[in-house]
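Structure record follows, encoded as structure tokens.
Not measured: the values here are computed from a predicted model. Sequence positions, counted from 1, serve as the residue numbers for this chain.
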Amino acid sequence: MSRVLIVGAGLTGSLCACLLRRELQNTVRIVVWDKARGAGGRMSTSRAPDASSQSADLGAQYISATPTYACSHHRFYSELLSAGLLQPLDCPIEGLKDHEGTENYVTPLGTSSIVKHFLSQSGANLFLEHHVTGLYRRGASWEVERKAGASETFDAVVLTMPVPQILQLQGDLGQLLSVQQRQQLEGVVYSSRFALALFFPPDAVLKVPWGAKYVTDSSCICYVAVDSKKRGADAPGRGPSLVVHTGVPFGLEHLERDKEDVQPIILRELHRLLPGLPQPISIKCQKWRYSQVQTSVPDCPGHMTILDEPLLVCGGDAFTHSNFDGCVESALSMLRVLKAKFA
């Protein structure tokens, strides 16, 4: 049985693993590595330090189903709705601009619940805190090196991490890329931002009329959400959580600073926007260096095959666009390559 390694336990990687299991369950053994301590990638749900506060989505905030993919992706939305992991967005989001026909959904259990669902369905062996540093071709296999621990050998490797991290890998990848492929990958542009989660005690009241709001009068903050209210997940006896996202220009300006130094700047602006905000019991700051894809890989819809034998393919939203549908398209694209190889 062939061993396939998927690097990255975000939405694209988890869905690719799930689809592989459903299509090739008796042909491949699936392994997923991620450098983080938890699965989710940019669909990250942060738990409060104790059970007295609600969780908070620090990455993706809601899922927009676009008319373009209404038919081809219907089965994925139906699956998640039936499992109770998606529900229609029914609270007000001030400043939300939708294209005609777009349907918005929220995740009652947090956005990471979607990634965990697909990982569970995949039956993959998931290993966290496995930071891939190099790829070495060994005949018909790949030797995959990681930051700590022994290297392992796989029959195929699927890379779903951000493109700049792919280009930083040591080993044989650099010489396998054609001039055109390297130029395509180097042309990918990401936006950067910071995100804060503020966790409040059970008796705290956030007096705002919205579940979330896009901010237009700040050079720092672009979005604020009462996360449990946005998700329709208020629970008696648990305090609310507030999520804050900075704008892209602010993120770029402060990108190389420690998040501990940036957090007070964001908090000062938050208190200007929401005076009288209660005192939180805990705050978490997240730096998203690779937040959303602004310029994707040209002429490579869904994936790029670096080598056919042994198979090395990379995908993710950089090969489509930064939303749920984009990650689904990439996973489906890579599935076709893997099926042609192992079916």
Side-chain angles (χ1 to χ4, degrees), residues 8-11 34-50 53-61 110-112 115 128-133 147-148 161-168 188-201 204 206 212-215 218-228 230 239-274 277-294 316-318 322:
L11 178 56
D34 196 285
K35 69 176 184 178
R37 289 181 293 176
R42 283 167 286 173
M43 299 189 77
S44 168
T45 303
S46 181
R47 304 297 173 187
D50 58 63
S53 298
Q54 299 277 8
S55 62
D57 287 330
L58 276 172
Q61 293 295 296
T111 54
S112 67
V115 172
L128 301 171
E129 298 184 279
H130 276 47
H131 186 172
V132 174
T133 56
K147 196 169 187 178
M161 66 268 229
V163 167
Q165 294 178 357
I166 294 175
L167 290 171
Q168 291 167 6
V188 176
V189 177
Y190 291 84
S191 62
S192 303
R193 69 178 75 243
F194 292 84
L196 287 187
L198 289 76
F199 302 100
F200 295 92
L206 304 182
K213 177 180 181 179
Y214 285 93
V215 178
S218 172
S219 60
C220 171
I221 294 172
C222 73
Y223 173 89
V224 183
V226 182
D227 208 49
S228 53
K230 176 206 69 184
S241 60
L242 192 72
V243 171
V244 180
H245 280 189
T246 70
V248 172
F250 179 91
L252 183 61
E253 179 184 353
H254 298 278
L255 183 59
E256 302 308 327
R257 298 182 63 180
D258 291 338
K259 60 186 181 181
E260 291 77 12
D261 295 331
V262 178
Q263 177 175 311
I265 302 173
I266 303 171
L267 286 174
R268 283 196 296 272
E269 180 64 2
L270 178 63
H271 285 287
R272 183 188 74 83
L273 295 170
L274 299 177
L277 197 65
Q279 182 68 28
I281 57 175
S282 179
I283 301 173
K284 181 175 181 178
C285 184
Q286 173 75 44
K287 181 195 292 188
W288 294 114
R289 181 176 292 273
Y290 307 113
S291 177
Q292 290 179 300
V293 176
Q294 292 183 318
D317 58 351
S322 285

A side-chain contact here means heavy atoms from C-beta on lying under 4.5 Å apart; do [X] and [Y] qualify?
X    : Y    : answer
S46  : F199 : yes
L196 : L270 : no
C285 : V262 : no
I265 : R257 : yes
V163 : V293 : no
Q294 : V248 : yes
Q165 : K35  : yes
S241 : S53  : no

Give me the atom names and distance for the closest heavy-atom approach of [X] to [Y].
X    : Y    : result
I266 : F194 : CD1-CB, 3.8 Å
F200 : L242 : CE1-CB, 3.8 Å
H245 : G59  : CE1-O, 3.2 Å
W288 : A195 : NE1-CB, 3.9 Å
T111 : S44  : OG1-N, 3.7 Å
D57  : D227 : N-OD2, 2.8 Å

Donor-acceptor contact below 3.5 Å, side chain [X] vs main chain [Y]:
X    : Y    : answer
H130 : L128 : yes
S55  : T45  : no
R42  : G10  : no
Q292 : Y290 : no

[atom1] of [X] to [atom2] of [Y]: how many Å apart, nearest 0.5 Å?
X    : Y    : atom1 : atom2 : answer
L255 : R193 : CG    : CZ    : 12.0 Å
L206 : L198 : CG    : CG    : 9.0 Å
R272 : L267 : CZ    : CG    : 14.0 Å
Q263 : Q286 : CD    : CD    : 12.0 Å
C222 : Y214 : SG    : OH    : 7.5 Å

- Indicate yes or no: does E260 engage K287 in a salt bridge with an N to O separation below 4.0 Å.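 No.
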